[in-house]
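Note sheet for the following structure.
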Number of protein chains: 2
Amino acid sequence: MSGSTGKPLIGTMEELSAAIGVSRPTLSRYFQDPGRVSRTSLEKIRRGLERVEYTPNFFATRMNRQSTGMIGVIIPYLNDLFFTRLLESIEVAAMGEGYTVITQCSHSSPDVEARAAETFLSMSVDGALVAPLGNVSDFEAHERLNARLPFVLVDSRPRNMAHVDFVGSDHLQSTGLVTEYLCRKGAPPAFLAMPRVNFNALERENAYVARMRALGHDPEIIGTEAIDADWHFEAHGLAVLDREFSRGRLTDRSILCVNDRVAIGALRAAARHGLEPGARRRGGLRIAGHDDYPLCPFTVPTLTTVAQDVEAIGRAAVARLVAKIKGETRARAQSVDLFDGVLKVRESA
Amino acid sequence: MSGSTGKPLIGTMEELSAAIGVSRPTLSRYFQDPGRVSRTSLEKIRRGLERVEYTPNFFATRMNRQSTGMIGVIIPYLNDLFFTRLLESIEVAAMGEGYTVITQCSHSSPDVEARAAETFLSMSVDGALVAPLGNVSDFEAHERLNARLPFVLVDSRPRNMAHVDFVGSDHLQSTGLVTEYLCRKGAPPAFLAMPRVNFNALERENAYVARMRALGHDPEIIGTEAIDADWHFEAHGLAVLDREFSRGRLTDRSILCVNDRVAIGALRAAARHGLEPGARRRGGLRIAGHDDYPLCPFTVPTLTTVAQDVEAIGRAAVARLVAKIKGETRARAQSVDLFDGVLKVRESA
DNA sequence: GTGTATATTTGACGCGTGTAAAGACACGTA
DNA sequence: TACGTGTCTTTACACGCGTCAAATATACAC
């Protein structure tokens, strides 16, 4: 048997040992850390590996090691560039720390989410990073993970898991920031929300209300009812504002959307009704979002929003998890890392 | 030691056997297929598992089984909703077949891509599904996978891997379709391309040229040079057309973009120059894309495009891979599955 | 009670590697 | 020559579970 390279294919370390004349334990040490074998053996092994094809069996190696070198990541869904950016920053950070990332996607299903958690337990990953689905999450599954592994919540924190380590955005700050900006530059905004299945959505909603009250304005929230059961964010924003605009409402208001994907739907609704959202015409329609979705600079008009520091969140989450894995003493107490948002003023508000 | 549920935590099958009074081999059979255990044992095990917490060790189970029940998937990058949709359909299909999907993302790096392939080999996944990076891919790594595992290429097929099983779109058909549509409804389009690092991009470019010639028009291609080294698709489309429009060129032309993300940048360029792409005004600017990116219905104007059947591609790729894994006889010959695109006429062209 | 067929358990071995203990070897030193 | 020192090999056991042959239990008919 041989691979595409024509080299003979070697299946086990034992065979490799026989093939290149180095004892198996020495090979074992070599594959764990080439620095732990003598120069002469190292040369012999290097030359040998050029003649044959061999990769250590992942399962056998991990089974006997205290650490598997893997961290598990669960994200709620894939079709959202926010989560792909988060995942990317996590993977890059983890790779930098020498870990292999195993990603599981909940695909909006609590069952799948729980199964992913079980998979991580059975694979005895060194730690787990979880961005939960929301209200429908299987909290028991998360608690089980948290009880048995180094565990960090990312992006969104369920109310009943307030005792767990968390890394995310400070929505009170970020939503407050954009709310304040809108109030300062024009009419106080209404808030285009979502059905309350998601903690961040609710946090932002509350942050909006608090800031509006603090500024002496009456908050106004729309869109908490699901118009379409199988809704997507953009479709939700479009449907809600399409309805409002059709009734002649909100056409000259400021509208703060719970996130940029909803805002993109809102922009579409505006276009459909011949409205041109923008900062320049005082008293006209303004639309702003939250997250700095990668497409914001390319929408028509470009979308004013507040950026989450996704990369910092990913890095911090990995750093925190690695600290817990390595059992650093300062990792005993609970930690909550919240990152500030940064206002991105563009055309739409 | 105990989990969050308070149940005693059991580490090995041996301990479990002692704890609930069923022999270990019987437990082993139970966890592989509960049907292979007698009623009485089954009841005893079920009751036992309600009292203690135990999950079989993933590594130990997989090591001794001929099949690991895992398939590896490599995608080039995450920050593209096309690939997330593809990945989603693959994961759903694989889950339906009872496989666990291990996803690795190349993050635009050939090194990472090659390492992912090695990871799959060492984990002895049952098969691998790979969407390659493009010209810069490490073909040797792919060949090594193909030589040692059931292997299927998805989405994009390097020229020098024409002998490998492939599932993707028929770009000759899809690009031809939208080209023909544009010619039929208005002026023959120019083609807004990308730097030629990607096989699909080149295939579409060629398909455009062929169809234009067949219809008796002169093809015109722009944008093959990278304006910004660290370019993203939308930024590329914006930069190229911004330059052209600034010089007064192409402002009343039909423009077919190599994909929807480039087209979104093109729409942005049009807006910046006060142009309103659309099908209705004959002789005016028209912009069309390719892929049916999920945001197409929400752009301003909504984007005319040709849809790839992503779900079918994912399903077919998994079906093909599973057939190879199971060693079905009809799986001996090479297979190439190409899916037709479907025209999605919207506002922009 | 015996005999037979079937279901289940038991015991033993194997998977590929980690790892610890003990011996083998070359090297430099006294 | 004898003696440490460090490196490497040998030997042996461990990890948790799959798997198979052999032994045992159970059920049933007679």
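Throughout, a chain's letter reflects where its sequence line sits, starting with A, and its residues are numbered from 1.
- Between the C1' atom of D:dC15 and the CD atom of B:E15 lies a distance of 13 Å, rounded to the nearest Å.
- Ring planes of A:F58 and B:F59: tilted class, angle from 30 to 60°.
- Following rounding to the nearest Å, A:R36 (CZ) and D:dT9 (P) show an atom-to-atom distance of 14 Å.
- Listed for the B:D126 side chain is a donor-acceptor partner under 3.5 Å among the backbone atoms of B:G69.
- Applying the salt bridge (Lys or Arg N to Asp or Glu O under 4.0 Å) criterion to B:R115, with sequence neighbours excluded, gives no partner residue.
- For A:E91 and B:H107, the side-chain atoms include at least one donor-acceptor pair closer than 3.5 Å.
- At a threshold of 4.0 angstrom between heavy atoms, the contacts of B:T40 with the nucleic acid are absent.
- Ring geometry for A:Y77 against A:F83 counts as perpendicular: the plane angle is over 60°, on a 0 to 90° scale with 30° as the lower cut.
- For residues 36-45 of chain A, there are no salt bridge (charged side-chain N to carboxylate O under 4.0 Å, His left out) pairs, not counting sequence neighbours.
- Between the P atom of D:dT7 and the OH atom of A:Y30 lies a distance of 18 Å, rounded to the nearest Å.
- Taking atom CG of residue B:D33 and atom C1' of nucleotide D:dT19, one finds them 15 Å apart after rounding to whole Å.
- The distance between atom CG of B:L27 and atom C1' of D:dG16, rounded to the nearest whole Å, is 13 Å.
- Following rounding to the nearest Å, B:I45 (CD1) and C:dT9 (C1') show an atom-to-atom distance of 12 Å.
- Rounded to an integer number of Å, the gap from A:M123 CE to D:dC15 P is 22 Å.
- Protein atom CZ of A:R29 is 14 Å distant from nucleotide atom P of C:dA21, rounded to whole Å.
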Check nucleotides 15-17 of chain C for protein N or O atoms closer than 3.5 Å to its own N or O atoms and list the pairs.
residue: C:dC15; atom: O2; partner: B:N64; partner atom: OD1; Å: 2.2
residue: C:dC15; atom: O2; partner: B:N64; partner atom: ND2; Å: 2.9
residue: C:dG16; atom: N2; partner: A:N64; partner atom: ND2; Å: 3.0
residue: C:dT17; atom: OP1; partner: A:Y54; partner atom: OH; Å: 2.5
residue: C:dT17; atom: OP1; partner: A:N57; partner atom: N; Å: 3.0
residue: C:dT17; atom: OP2; partner: A:M13; partner atom: N; Å: 2.4
residue: C:dT17; atom: O2; partner: A:N64; partner atom: ND2; Å: 2.5

